[in-house]
Amino acid sequence: APAVAAPAAPAGAPSGAAVADIPFNASDAIAMLLAYSAKVRPDQIGESDTTDTLTNGVSSRRNQLLMDISSELGVASLDGRFGAAEATVKALSALVNKVAPNYKAFGPVLSDIVRDRVRGLFGAAGVKLGQITKRVTDTWQLGEGWASHVVAALVLETREGASSRG
């Protein structure tokens, strides 16, 4: 007798298996901000890169990036006390997780970037950020951390123009 296939779950229906949430912490936010500001894909940022290498040594861009990082995390200047300008991305990631352990996506800098990009991508269709988040948390039944990572991927992977690193 032919095998009878199990009925397929409706599109978008959860599998029934609970998926653990993943955190979107300060270092994730900074990785997003660094990639966005430097116009590179996240995978093109190496652990040994610094804010200086990502801004091609342009001090005004580096200083703006450091101010944006501080503003995003809601902390005082990272550069004066912590030497963030010279720190590698790996060291900077550890630093921001230490100084902003309670970071919640998205802070003031990334909120503006996310809002503008979502509007650019989905404005004509009327899709808002809350609908994207709801799709991830309600339909896919994933946690808030997953939703933040999905939004970050949407913003970074749909950026216009070629990567500055090829």
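All values reported here derive from a predicted model rather than from experimental measurement. We number each residue from 1, following the sequence as shown.
- Using a 4.5 Å heavy-atom threshold, the side chains of T50 and E86 count as separate.
- A side-chain donor-acceptor contact under 3.5 Å links W146 to the backbone of A20.
- E72 places a side-chain N or O within 3.5 Å of a backbone atom of L110 that can act as its donor or acceptor partner.
- Using modelled atom types, one side-chain atom of T55 and one backbone atom of D52 make a donor-acceptor pair closer than 3.5 Å.
- Nearest heavy atom pair, residue L156 against residue P42, reads CD1-CG, 3.5 Å.
- Taking each heavy atom of L129 and V118 in turn, the nearest pair found is N-CG1, 3.9 Å.
- Looking only at distances, a side-chain donor or acceptor of R117 sits under 3.5 Å from a matching main-chain atom of T158.
- The distance from the CG atom of L66 to the CZ atom of R62 is 7.0 Å, given to the nearest 0.5 Å.
- Considering only residues two or more places apart in sequence or on other chains, A26 meets the side chain to side chain contact (heavy atoms under 4.5 Å, CB included) condition with L73, V96, N97, A100, Y103.
- Checked by atom type and distance alone, the side chain of S37 pairs as donor or acceptor with a backbone atom of L33 at under 3.5 Å.
- Between the CZ atom of R41 and the CD atom of E157 there is a distance of 8.0 Å, given to the nearest 0.5 Å.
- Looking at every heavy atom in both residues, S148 comes nearest to A105 through OG-CB, 3.5 Å.
- For residues 20-66, the ring pair (Phe, Tyr, Trp, His ring centres under 6.0 Å) pairs, not counting sequence neighbours, are F24-F106, F24-H149.
- Between L92 and T51, the closest side-chain pair of non-hydrogen atoms falls below 4.5 Å.
- Between A152 and M32, the shortest heavy-atom contact is CB-SD, 3.6 Å.
- Rounded to the nearest 0.5 Å, atoms CZ (R119) and CG (L121) are 11.5 Å apart.
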Checking side-chain contact (heavy atoms from CB on, under 4.5 Å) for the pair E144/V136: CA distance, chi angles, key distance, verdict? CA-CA 8 Å; E144 291 290 328; V136 174; over 6 Å; no

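- For the atom pair CD1 (I30) and CG (L95), the distance works out to 9.5 Å, reported to the nearest 0.5 Å.
- With a 4.5 Å cut-off on side-chain heavy atoms, Q64 and R61 do not count as touching.
- Checked by atom type and distance alone, the side chain of N63 never pairs as donor or acceptor with a backbone atom of S60 at under 3.5 Å.
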Test log, rule side-chain contact (heavy atoms from CB on, under 4.5 Å), inputs V150 and W140: CA-CA 12 Å; V150 167; W140 295 349; 4.3 Å; yes

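- Taken to the nearest 0.5 Å, the NZ atom of K39 stands 13.0 Å off from the CG atom of L54.
- Residues meeting the side chain to side chain contact (heavy atoms under 4.5 Å, CB included) test with A91, sequence neighbours left out: A87, T88.
- V58 is not connected to L34 by any chain of hydrophobic side-chain contacts under 4.5 Å among Ile, Leu, Val, Met, Phe, Trp and Tyr, and they are in different clusters.
- The two residues V151 and I132 come nearest to each other via the heavy atoms CG2-CG2, 4.1 Å.
- Under a 3.5 Å cut-off, the side chain of T53 and the backbone N or O of D49 do not form any donor-acceptor pair.
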